[in-house]
Amino acid sequence: MEHKAFLGYSKNPADVSQEILHASNVINKSGFAEAQTWEATPATGRLIIETVLRAIDDSTICLFDVTTLSQNVLFEVGYAFSQQKHLMLSVHKTPKSQHDWRSFDIFSTIGCIFYETGSELASKFMTGMAAASEKTLWDDVSQALDGYSRNSLFYVPTYHTSEAERNLRRMVGKERDLGTKVTIADPAEQGSAPLAWYVNAVYSSTATLLQMSAERHDRNRLHNARTAFIAGLARGLNRPLLIVVDEEYQGPVDYKDTLYTYHTKKKLSDKFKEWLGKAFDAWNRENAQAVQLEAPKVEIATELKELKFGDYVAENESDTLDEYFVETAEYEAVLRESSVVFVGRKGMGKSANMIRASQVLGDDRRNLVCLIRPTNYDLDGLVGVLQSIGGDGNQSFLVDSFWRFLLYSEIAITAVASAEKLPAGISSGTPIAHLRDYLAQNDISDDFSVRLEKVIDGALAELKEAPGNTIQKQRERIAQVLHGNIVGNLRRLLGESLRDRHRVALLVDNLDSAWTRSGQLQSQAVLLVGLLGAVSRIAEDFQKENNRLQSVNVTISVFLRSDIYDEVIREAREPDKINTKRIDWDQPDLLKRVMDERYLSARPSGTSPDELWQRFFCAEVDGTPTLDHIFATILPRPRDLVYFCKAAVQNAANARHSVVDESDIHEAEKLYSKFAVDALLVEYGSTIGHLEDVIYEFTGSEDILSRSTVLELISDGLDGGDNRAAEECLEGLLKISFLGIEVRDGEIWYPERADQLRKAKILARKTSRRGKREERYQIHPAYRNFLEVESSA
């Protein structure tokens, strides 16, 4: 026989597995291939997974049925892919399975067979393989792999916040601080990355750390399916692999023995350190003997495959960001000596601004830079404290006390750590030595999240013990629990230790990671507006100077997601006193520079920025200049532009094109649109109820819709409900730019800010009255391809 095929599938549902067994018999009888199912592999006395992997190794073709998104099967897909096998995927055709496939679609470049019977599956499989080229999917994807990096870690967290995830993020963050190169596939930042991104992340990293989600959590099925594939890929590439799960997770058979169940923070920390240490030691031993994994052979003689644009998530490119960072007015505002709140949607460059500003400010040794990036901190715990005390005055007092303690202690910890890194260290009897000793005496941790947890536990215990106290007494006791006299003492010690510093810059980011939809939104807003108010008050406090206090130039910059800011600012008593800068990229020439600078960073001095578009991209797409076509398709954000261009170049390289042509652009549109929808659901799924169900109701519709049609689709997604719920959801879809609103005949706005939306709604209402018709809305082009929306143009 010409081929030897392995068939992987889930045993349930039984009717589907029976069809696959029938397909196996048809293939064997045809003489086209020798087909072996996983159930036919002898596993007596051995782990099932080892016999399955051996069968995959012995095959030339692998057919995997992914109808149920079985984690066992997807683990095997990842392994087979890494072993450069010819792959075909199949899905038993039902409305649900097709919906699941579209939702999961990181395998858009792998052929998928939709079938109803085993005979149909066998026929399509044999036809597909007869037409297949000698090249495998691995041959295509490997064209753009980066080198194998020393002491590097790839981490895939879950969609939800849990104790295990918070602790893992802290451990990973500490490793990054110690110099480990860390790549994080954060669903909140990453969205649905293309297959090539995940492959490169595993391939170029020394070790892979994965976290599975329990069934009770939202989107756990899609997350676990993607993570299972990555686990199989890491196994096939022989990368050290650790999969962390909680006690409720039921591990699939294929990799059950590689799972580590989370019980306590201490045990997880010990396991993580032991595992990562062994992984790095193994890498160092191999390279000490000059034994490195060979880079994949590159066979296409074109410069296109050499184009590198960096990562589209700033956190994963902090070590190279300086090479192509685009300086904007907002960035300059961070560098200036002022305290400010920077507001923008995800992908706008808030984190990039913070990272680059911290690098530039830190290069001046006269400055002290403090980065505060609390990862999935326990905001609900703080909200619980707020809701346990009486009166707005009490809440404001608690919030102010809370932020003062955390920010003052953060400055102190950073100051001591900075002094300890100096060649001379810290001399006894000096102001910085007194500060260090004071932190130790009061058990002030070096971890923001740990300090936060202590504050919460102490405040809750106090409120539980003395619930009947007067408001004044509650305030006194809360202040005592939070910090006693620590804030005052820290202010004095910091003045003595930092009086010669040119500037102390506090940069606060990642506060949106704990923002969730619940009945606690108002309390969450109170907490964050307290921080915004504290920005100016704390800076002013450090300006004071008297016989006890020394003046210190402290500035605080806070980076906050715009939709959260719009909710938070409603709680502010004097919003006009909060110095706010909006980050936007509404100028195409400025957005174009994002790609220009990334291209020029790897080119000789004097290269024209237009060379990228003239030399490597086709001139037009469907009669429109290529750049104009891209800008009309994507959301105007650096993240989206980088993602789109990387996808287009990857498609062209895989197809062995010399330039990115129209077909590559259209294929990138498919990948980008899926990414945009997935990112939208992750970013706003916790704040807009039933968002995923509502978004999918727009599938197959026209791009321009009347108000009544939109409300009808929303109601279907909400499974009925009253008109008020549908109206609120429509408002949410406008705020997140899924829908635009027609403000004049043929003119659509996608407002990014609350004031812009208010203005747009007034214009739309007047336009509909003049035209004696309903208000009209348009689905943003970024989402149309994935949702198969028909253009009315």
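At distances below 3.5 Å, not a single donor-acceptor pair connects side-chain atoms of Asp678 with backbone N or O atoms of Lys674. Proximity of a side-chain donor or acceptor of Arg491 to a complementary backbone N or O of Gln550 within less than 3.5 Å is detected. Without hydrogens or angle criteria, Asp364 side chain to Arg366 main chain gives a donor-acceptor distance under 3.5 Å. Between the side chain of Glu597 and the backbone N or O of Arg593 there is no donor-acceptor pair closer than 3.5 Å. Proximity of a side-chain donor or acceptor of Arg176 to a complementary backbone N or O of Val182 within less than 3.5 Å is detected. Of the possible donor and acceptor atoms, one in the side chain of Thr206 sits under 3.5 Å from a partner among the backbone N and O of Ser152. Looking only at distances, a side-chain donor or acceptor of Lys350 sits under 3.5 Å from a matching main-chain atom of Gly344. In terms of modelled atom types and a separation under 3.5 Å, the side chain of His502 and the main chain of Asn553 share no donor-acceptor contact. Trp585 places a side-chain N or O within 3.5 Å of a backbone atom of Met348 that can act as its donor or acceptor partner. For the pair Ser418 (side chain) and Thr414 (backbone), a donor-acceptor distance under 3.5 Å is absent.
Atoms CZ and CH2, on Arg537 and Trp403 in that order, are 12.0 Å from each other to the nearest 0.5 Å. The distance from the CG atom of Asp586 to the CG atom of Leu591 is 10.0 Å, given to the nearest 0.5 Å. To the nearest 0.5 angstrom, Ile413 atom CD1 is 9.0 Å from Leu490 atom CG. How far CG of Leu680 is from NZ of Lys346: 12.5 Å, rounded to the nearest 0.5 Å. Rounding to the nearest 0.5 Å places NZ of Lys592 at 7.0 Å from CG of Asp589. Interatomic distance, CZ of Phe154 versus OG1 of Thr183, reported as 7.0 Å (0.5 Å rounding).
Residues passing the ring-ring contact (aromatic ring centres under 6.0 Å, His included) test with Phe342, sequence neighbours excluded: Phe559. Judged as a ring-ring contact (aromatic ring centres under 6.0 Å, His included), and not counting sequence neighbours, the contacts of Phe542 are Tyr408.
Counting heavy atoms from C-beta on, the side chains of Tyr565 and Leu532 come closer than 4.5 Å.
For Ala782 against Ala676, the heavy-atom pair with the smallest separation is O-CB, 4.0 Å. The two atoms that bring Ile486 and Tyr438 nearest to each other are CA-OH, 3.5 Å, heavy atoms only. In terms of heavy atoms, Ala352 sits closest to Leu321 at O-CD2, 3.6 Å. Closest approach of Asp640 to Leu635, counting heavy atoms only: CB-O, 3.5 Å. Pro751 and Ser737 get closest at one heavy-atom pair: O-OG, 3.5 Å. Taking all atoms of both residues into account, the shortest heavy-atom contact from Tyr331 to Asn353 is CB-OD1, 3.2 Å.
Below 30°, between 30° and 60°, or above 60°: for Phe675 and Tyr672 the angle between ring planes is between 30° and 60°, a tilted geometry.
Atom NZ of Lys581 sits in a sparse spot, with 12 or fewer heavy atoms from other residues, nucleotides or ligands closer than 6.0 Å. At most 12 non-hydrogen atoms from other residues, nucleotides or ligands lie less than 6.0 angstrom from CD of Gln587.
Counted by atom type alone, Arg582 and Ser562 present zero donor-acceptor pairs between their side chains at under 3.5 Å.
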For this session: Under the salt bridge (Lys or Arg N to Asp or Glu O under 4.0 Å) rule, what do Glu332 and Arg336 come out as? Steps first, then yes or no, please.
Result: CA-CA 6 Å; Glu332 293 295 336; Arg336 289 196 299 268; 5.7 Å; no
